Structure formats: C-alpha cells, structure tokens
Novice: 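Can you keep this structure in mind? I'll have questions shortly.
All values reported here derive from a predicted model rather than from experimental measurement.
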Amino acid sequence: MHSTARLKNARISAQKVRLVADQVRGMPVDKAEQLLTFSNKKAAHIVKKVLLSAVANAEHNEGADIDELKVSTIMVDEGPTMKRGRARAKGRGTRILKRNSHITVTVADDKTGQA
C-alpha cells in the first residue's frame with residue numbers, strides 16, 4: 001500500500017529542495033517529520049507540508065497505520081521558470097530566472113517497501 005501527495009509550482013528552486021529531500025528519503029515518517037520541523041531551510045517547511053498531506057491521504061483513503069509508514073519515494077522536478085528583467089549599468093539589462101519546482105512524496109508501509 002502506498003499513497004502520494006504532490007505540490008506543483010512551489011516558488012523555490014528544485015536544487016534547494018533536493019538538498020532537503022535527500023535527507024528524508026527512506027526514513028520513517030515520524031523521524032522525517034521531526035527532522036523537517038527543526039531544519040532551518042525554507043524547503044524543509046514546504047516538504048513537511050507535502051509529507052503530512054501524503055500521510056493524511058494514506059490514513060484516510062487506504063486506512064493505513066501511521067506508525068508503520070515510511071517515505072518510500074520523494075521526487076523534486078523542475079517547474080516552469082518565470083523570466084524577469086533587471087536594469088544594469090550603461091542602459092543594459094540582464095535576465096533574472098525565478099525558478100519553480102514540483103514536489104512528489106510517496107509514503108508506503110514497511111510490508112510493501114518501494115512503491
């Protein structure tokens with residue numbers, strides 16, 4: 001049994017989120033939630049909300065026991081990039097890239113393992 005939650009167009013670059021995602025991949029849900037709670041990174045707060053959503057989906061839709069769940073997969077993909085301009089010296093301009101990301105978290109119980 002596995003359950004998934006997705007967040008699309010999160011206003012943070014995928015590279016920053018992957019640093020946090022790599023820390024919690026494969027961990028039990030309660031330890032992952034604890035690690036994300038006390039992390040100083042902005043991405044940790046975002047990933048924690050998606051993780052808790054996946055846990056709630058597993059509990060409500062599948063009737064899973066929360067204590068046996070673990071983070072089976074967590075994927076961070078690049079989303080659409082907003083292109084903006086910034087004025088520079090001598091009448092020039094440069095491009096600013098405001099990156100987005102898509103975060104997918106899958107939780108599964110220990111019996112099924114990887115999803």
Novice: Donor-acceptor pair, distance only, cut-off 3.5 Å: does the side chain of Ser101 make one with the backbone of Ile12?
Specialist: yes
Novice: Look only at the side chain of Arg18 and the backbone of Val76, and say whether a donor-acceptor pair between them is shorter than 3.5 Å.
Specialist: yes
Novice: Where the side chain of Asp109 meets the backbone of Glu68, is there a donor-acceptor pair that is under 3.5 Å apart?
Specialist: no
Novice: When you compare the side chain of Lys49 with that of Leu7, does any pair of heavy atoms fall below 4.5 Å?
Specialist: no
Novice: Got a list of side-chain donor-acceptor pairs under 3.5 Å for residues 84-93, not counting sequence neighbours?
Specialist:
none

Novice: The criterion is salt bridge (Lys or Arg N to Asp or Glu O under 4.0 Å); which residues satisfy it with Arg11, sequence neighbours excluded?
Specialist: none
Novice: For a quick test of reading the model, state the closest non-hydrogen atom pair linking Met27 to Lys31 and the distance between them.
Specialist: CE-CB, 3.8 Å
Novice: How long is the gap from OG1 on Thr106 to CG on Leu51, to the nearest 0.5 Å?
Specialist: 11.0 Å
Novice: Quick one, Thr4 and Asn57 - any side-chain contact, counting heavy atoms below 4.5 Å?
Specialist: no
Novice: Does anything in residues 38-48 form a side chain to side chain donor-acceptor pair (under 3.5 Å)? List the pairs, not counting sequence neighbours.
Specialist: Thr37-Lys48
Novice: How far apart are the C-alpha atoms of Leu97 and Arg95, what are their side-chain angles, what is the distance that settles it, and do they pass the side chain to side chain contact (heavy atoms under 4.5 Å, CB included) test?
Specialist: CA-CA 6 Å; Leu97 300 176; Arg95 178 156 287 182; 3.9 Å; yes
Novice: Please name the pair of heavy atoms, one in Leu36 and one in Ala44, separated by the smallest distance, quoted to 0.1 Å.
Specialist: O-CB, 3.7 Å
Novice: Locate the shortest heavy-atom distance separating Lys70 from Gly26; write the atom from each residue and the value.
Specialist: CD-O, 4.3 Å
Novice: Which residues satisfy the salt bridge (Lys or Arg N to Asp or Glu O under 4.0 Å) test with Glu62, sequence neighbours excluded?
Specialist: none
Novice: Could you see if Met1 belongs to whatever hydrophobic cluster contains Val55? Use Ile, Leu, Val, Met, Phe, Trp, Tyr and a side-chain cutoff under 4.5 Å.
Specialist: yes
Novice: How long is the straight-line distance from OG1 of Thr104 back to NZ of Lys8, given to the nearest 0.5 Å?
Specialist: 8.0 Å
Novice: Go through the structure and list residues passing salt bridge (Lys or Arg N to Asp or Glu O under 4.0 Å) with Arg6, not counting sequence neighbours.
Specialist: none
Novice: Check whether any side-chain N or O of Arg99 sits under 3.5 Å from a backbone N or O of Thr81 as a donor-acceptor pair, and report yes or no.
Specialist: no
Novice: Measuring from atom CD1 of Ile103 to atom OG of Ser53, what distance do you get when rounded to the nearest 0.5 angstrom?
Specialist: 11.5 Å
Novice: Is there a side chain to side chain contact (heavy atoms under 4.5 Å, CB included) between Val17 and Ile46? Walk through the geometry before answering.
Specialist: CA-CA 9 Å; Val17 181; Ile46 297 169; 5.9 Å; no
Novice: Counting only N and O atoms by type, is there a donor-acceptor contact under 3.5 Å from the side chain of Asp77 to the main-chain atoms of His102?
Specialist: no
Novice: Working to the nearest 0.5 Å, report the span between CG of Leu52 and CD of Glu59.
Specialist: 11.5 Å
Novice: What residues, two or more places apart in sequence or in another chain, satisfy salt bridge (Lys or Arg N to Asp or Glu O under 4.0 Å) together with Asp30?
Specialist: none
Novice: If I compare all heavy atoms of Val105 with all of Ala54, which pair ends up nearest, and what's the gap?
Specialist: O-CB, 3.9 Å
Novice: Rounded to the nearest 0.5 Å, how far does NZ of Lys98 lie from NZ of Lys83?
Specialist: 13.5 Å
